[in-house]
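Nothing fancy with the numbering, it's 1 onward along the sequence.
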Amino acid sequence: MNNKLFFLILILLGAYGCKDDVLLPKPKAQLRLEYPKAKFQKLTSDIYEFDYNTLASVKNQKGNSLTIDYPAMKGSIYITYKPVENNLEKLMADAQRLSYEHVVKADGIETDVFENKENKVYGMLYEVKGNAASQSQFYVTDSLKHFLTGSVYFYTKPNYDSIYPAAAYIQKDIRSIMESLEWKN
């Protein structure tokens with residue numbers, strides 16, 4: 001009886017132990033988030049006007065600051081206006097310093113110069129790659145009277161792979177803000 005049991009165990013081990021299944025690592029998946037095509041409406045203040053995405057809502061419009069909130073993406077663009085009063089170099093240096101403070105956590109920062117001579121809007125867009133607190137920042141000015149800055153922040157721990165689709169979507173909206181911006185006076 002021991003021989004029969006021994007052979008039975010050998011047969012079972014042979015049947016289940018000799019499979020050709022090779023465990024391969026699963027391919028990396030890409031998170032696919034799709035957002036609606038942007039539709040824009042005009043935001044008007046006493047100083048400027050620009051187009052913003054109707055998917056977002058304007059909040060906390062106090063004085064020269066406002067927030068464009070994207071609740072579905074759990075993110076916001078924080079915009080601040082400052083008048084130029086013989087301090088353009090300082091305003092630009094502060095905006096650039098703020099952008100480059102994220103270099104500690106960032107994998108890189110890409111810059112894109114912006115110029116709209118017709119509307120006298122000149123500036124810079126910073127795209128921050130990596131797990132930084134802010135994925136995009138920008139400033140625009142007419143070089144004489146007006147200076148506007150903006151930063152994108154998400155209400156979550158920075159994980160670039162997870163927030164990239166939303167960051168890319170909002171960055172397109174920032175470009176629309178910069179392209180449509182007109183100074184009132």
Exercise for review: Step through the shown structure and confirm whether more than 12 heavy atoms of other residues, nucleotides or ligands are within 6.0 Å of CG on Asp46.
Suggested key: no
Check your understanding: Does Lys145 pair with Asp142 as a salt bridge, N-O distance under 4.0 Å?
Key -> no
Review point. Should the heavy atoms of other residues, nucleotides or ligands under 6.0 Å from CD of Glu118 be counted, would the total exceed 12?
Key: no
Check your understanding: OH of Tyr164: more than 12 outside heavy atoms within 6.0 angstrom?
Key -> no
Exercise for review: Measure the CG-OH distance between Asp173 and Tyr70 for me, rounded to the nearest 0.5 Å.
Suggested key: 3.5 Å
Check your understanding: Do other residues, nucleotides or ligands put more than 12 heavy atoms under 6.0 Å from Lys184 NZ?
Key -> yes
Review point. Can you check whether Tyr48 and His146 have ring centres sitting under 6.0 Å from each other?
Key: no
Check your understanding: Is the gap between the ring centers of Phe147 and Tyr139 under 6.0 Å?
Key -> yes
Check your understanding: Under a 4.5 Å side-chain heavy-atom rule over Ile, Leu, Val, Met, Phe, Trp and Tyr, are Val140 and Tyr122 clustered together?
Key -> no
Review point. Taking Asn87 for the side chain and Glu85 for the main chain, is one N or O donor matched with an acceptor at less than 3.5 Å?
Key: yes
Point to revise | Closest heavy-atom pair and its distance - Gly130, Gln135 | key: O-NE2, 2.9 Å
Exercise for review: Determine, for Glu127 against Lys129, whether the closest basic-nitrogen to carboxylate-oxygen distance falls under 4.0 angstrom.
Suggested key: yes
Exercise for review: Might you confirm whether atom NZ of Lys42 has over 12 heavy atoms from other residues, nucleotides or ligands at distances under 6.0 Å?
Suggested key: yes
Exercise for review: Please confirm whether the backbone N or O of Val152 pairs with a side-chain atom of Ser134, one donor and one acceptor, at under 3.5 Å?
Suggested key: yes
